[in-house]
Asks: 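Could you have a look at this structure, given as structure tokens, before my questions?
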Amino acid sequence: MKTSAESYHFLPTGHSCSNWRLHMAAVATPSLPNQNKLPSFSSRIPAPIVLLQMCSNFQEVRQVHAQLVVSGLIERPINGGRLLQAYVTVSNFNYALSTFDSISNPDVFAYNTMMRGLILSKSPYHALKLYSRLLLDGLKPDNYTYTFVLKACSQVNALFEGREVHGRIIKAGIAPDTYIHSSLINMYSSSSDGLVCAERVLAGFSEDNTLAKNSLISGYLSQGQVESARKMFDNLVAKDDASWSAMVAGYTKNGMYAEALVIFRKMLSSQVSPNESALVSSLCACANLGALDQGKWIHAYIDRIGARISVTVGTALIDMYAKCGSIENAYEVFRKMPQKDVVSWGAIISGFAIHGRAAKCFELFDDMVAGGIHPNEVIFVGILSACSHAGYVETGYKYFDQMVHHYGIKPSIEHYGCMVDLLGRAGRLAEAEGLIMSMPELPNSVIWGAFLGACRMHSDVRRGNLAFKHLTDLEPTSGDRYKLAGIMFANAGEKENATKIRTIITDNDLETTRGVSSIEIDGVVHEFVAGTINHSRHKEIYRMWERVNRLLEIHELEICIPF
DNA sequence: GTAGGGTTAG
């Protein structure tokens with residue numbers, strides 16, 4: 001470490017040394033973390049180092065950092081590594097990086113800790129660079145180094161580099177432990193080509209290793225090989241929470257939502273308490289199924305076990321309630337969340353957008369910005385789709401402009417989709433067409449589909465024909481596109497074209513879909529198809545629905561225990 | 001003398 005406080009320039013740019021000294025004086029005195037819980041002072045370890053291990057947030061680490069500088073303890077190289085570690089554990093990666101830079105001769109521990117920080121902050125490329133620097137420094141990588149570098153490789157699908165690391169591990173004669181094994185499997189199974197190697201790695205390890213087996217299960221699932229994963233999972237003797245949650249997450253990721261809920265239920269009946277990942281995945285499955293009762297049950301379960309609602313779980317709850325049609329519950333969860341990140345704001349804004357509450361979306365957007373959270377591209381998808389549902393063309397333009405020029409976000413195809421939809425619905429077809437032509441990338445079927453829908457709505461056969469031509473190129477087998485065009489021609493009185501299209505649909509046996517909505521009663525999902533009025537039990541369902549509403553008012557969550 | 005699963009949310 002640098003030897004004096006004056007030359008100690010670890011702070012991010014904008015802080016001068018004199019400011020730092022003043023600041024140190026201000027923070028060094030007030031409440032330090034849990035001083036009363038300190039172990040006895042007979043210990044040889046200096047008090048600030050003990051404190052460092054007890055820090056649970058950034059402010060505390062910074063205070064102890066100040067003490068380390070004042071006491072000169074920072075000058076011992078080992079303490080520099082400890083400080084770095086503390087910044088990584090409280091997820092302040094800028095301070096971690098500055099601390100690392102201020103260490104003059106970082107040892108393997110410092111390198112490992114910094115690599116871990118870079119992986120946690122989703123900078124795997126930097127972690128890989130640091131690994132090369134470690135080798136250039138002539139240091140000898142250890143088991144931790146290999147675990148982290150393999151993790152970085154799997155994050156960027158660097159199969160080639162990963163193989164090289166694998167070779168180096170073998171050549172170095174390191175005895176690979178369970179962690180290295182599971183990291184190798186993760187690395188190889190980040191691409192479908194590597195799965196065979198992953199299987200071989202597992203086969204070459206004699207001990208029973210649940211960690212590595214879980215990794216291979218996740219690998220199969222990430223490559224869509226659900227059957228292989230399930231087989232391996234069923235044969236697993238010691239299933240831990242990670243094994244279960246890998247299955248729940250894997251089913252959800254592969255769109256098999258019902259299976260995800262079934263295995264989640266099995267997890268609970270096997271007396272394994274679900275971890276955060278399993279809760280989030282199963283809530284995601286509920287959201288996609290519209291299974292409000294099951295979602296509410298999971299919410300009640302979380303409350304019952306007294307788990308603190310984390311940002312991640314809270315966000316998954318918001319999304320579930322919003323997608324299951326219960327925006328009020330979503331908003332309640334949102335308001336009660338002690339911490340929110342940009343994803344939580346995105347979930348609630350998109351939720352209100354789905355429900356057509358544009359004004360509320362704008363209000364939330366302002367609150368978010370006022371709270372110092374920087375909107376990302378997803379926030380604008382929510383805002384623009386709210387504009388389009390409400391028909392606010394000028395507001396939509398305003399936000400689109402703000403996104404590009406004020407926030408420097410490059411519009412994605414989804415943003416263009418919202419704008420085309422917005423302009424098209426409002427009948428401003430020439431503007432919509434101009435926007436499509438100005439797009440930097442090639443318009444996809446979503447864009448042309450929205451445009452065709454708008455042309456049909458406003459009986460613009462010339463432009464509609466253009467959209468239809470593009471759609472037949474992009475999606476030649478989608479019956480829906482032909483159907484829409486057929487309706488457009490029929491409405492415009494062009495009977496010849498309309499019948500031509502109808503014969504295309506029947507001759508080629510193209511499938512068309514109909515609008516479907518569903519409600520869930522007593523754990524069973526009932527579907528209603530647009531245009532049909534005689535669902536076999538619709539009267540009964542209506543009566544049950546009324547009863548459910550009454551019950552909900554009386555006991556809130558008590559009725560939903562489907563498991 | 002400090003350490004490492006999996007990873008979901010818009």
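None of these values were measured; they are calculated from a predicted model. So you know, we letter chains A, B, ... as the sequences are listed, proteins then strands, and number each from 1.
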Asks: Look at the side chain of A:Ser215 and decide which nucleotide, out of B:dG10, B:dG6, B:dG4, has an atom nearest to it.
Replies: B:dG6
Asks: Just to verify, what does A:Tyr144 make a side-chain contact (heavy atoms from CB on, under 4.5 Å) with, not counting sequence neighbours?
Replies: A:Asn112, A:Asp142, A:Phe148
Asks: Rounding to an integer number of Å, can you tell me how far A:Tyr87 OH sits from B:dT2 C1'?
Replies: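 Computing the A:Tyr87:OH to B:dT2:C1' distance gives 17 Å.
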Asks: For A:Ser192, what residues pass the side-chain hydrogen bond (donor to acceptor under 3.5 Å, both in side chains) criterion, not counting sequence neighbours?
Replies: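 Partners of A:Ser192 by the side-chain hydrogen bond (donor to acceptor under 3.5 Å, both in side chains) criterion come out as none, since no residue qualifies.
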Asks: Tell whether A:Asp240 reaches the base of B:dG5 with its side chain through a donor-acceptor pair below 3.5 angstrom.
Replies: yes
Asks: Please determine, by modelled atom types, if A:Asp137 and A:Tyr111 share a side-chain donor-acceptor pair under 3.5 angstrom.
Replies: yes
Asks: For A:Cys361, give me all partners under side-chain contact (heavy atoms from CB on, under 4.5 Å), at least two apart in sequence or on another chain.
Replies: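 Listed in chain order: A:Ile349, A:Phe352, A:Ala353, A:Ile383, A:Ala386.
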Asks: Figure out the CZ/C1' separation between A:Arg82 and B:dG1, and round it to whole Å.
Replies: 5 Å
Asks: Taking any heavy-atom pair under 4.0 Å as a contact, classify A:Thr147: base, sugar-phosphate, or nothing.
Replies: base
Asks: To the nearest angstrom, how far is A:Asn288 atom CG from B:dG10 atom P?
Replies: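 Taking atom P of B:dG10 as the reference, CG of A:Asn288 is at 8 Å.
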Asks: Under 4.0 Å, counting only non-hydrogen atoms across every strand here, what does A:Asp142 touch: a base, just sugar-phosphate, or nothing?
Replies: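 Touches a base.
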Asks: Taking the six-membered ring of A:Tyr331 (Phe, Tyr or Trp), confirm whether the NZ or CZ of A:Arg335 is under 6.0 Å from its centre and within 45° of its axis.
Replies: yes
Asks: Can you list the residues that meet the side-chain contact (heavy atoms from CB on, under 4.5 Å) rule with A:Ile413, with sequence neighbours excluded?
Replies: A:Met439, A:Glu441, A:Asn444, A:Ile447
Asks: Within this structure, what is the NE2-to-P distance between A:His355 and B:dG10, rounded to whole angstrom?
Replies: 13 Å
Asks: Using whole Å, report how far CZ of A:Phe148 lies from C1' of B:dT2.
Replies: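 Spelled out: CZ on A:Phe148 to C1' on B:dT2 is 12 Å.
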Asks: Between P on B:dT2 and OH on A:Tyr144, what's the gap in Å once rounded to a whole number?
Replies: 9 Å
Asks: Enumerate the protein-to-nucleotides 7-9 of chain B contacts in which both atoms are nitrogen or oxygen and the separation is below 3.5 Å.
Replies:
| unit_1 | atom_1 | unit_2 | atom_2 | d |
| --- | --- | --- | --- | --- |
| B:dA9 | O3' | A:Asp319 | OD2 | 3.3 |

Asks: How many Å lie between CG on A:Leu211 and P on B:dG5, as a whole number?
Replies: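 So the CG-P distance, A:Leu211 to B:dG5, works out to 9 Å.
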Asks: Where the side chain of A:Ile49 is defined as all heavy atoms beyond and including C-beta, which of B:dG1, B:dG10, B:dG5 is the nearest nucleotide?
Replies: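 Selected nucleotide (nearest to the side chain): B:dG1.
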Asks: For residues 364-386 of chain A, pull every pair meeting side-chain hydrogen bond (donor to acceptor under 3.5 Å, both in side chains), keeping only residues two or more places apart or in separate chains.
Replies: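 Applying side-chain hydrogen bond (donor to acceptor under 3.5 Å, both in side chains) to every pair that reaches into residues 364-386 of chain A, excluding sequence neighbours, yields nothing.
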Asks: Quick one: A:Met247 CE to B:dG6 P, roughly how many Å, whole number?
Replies: 17 Å
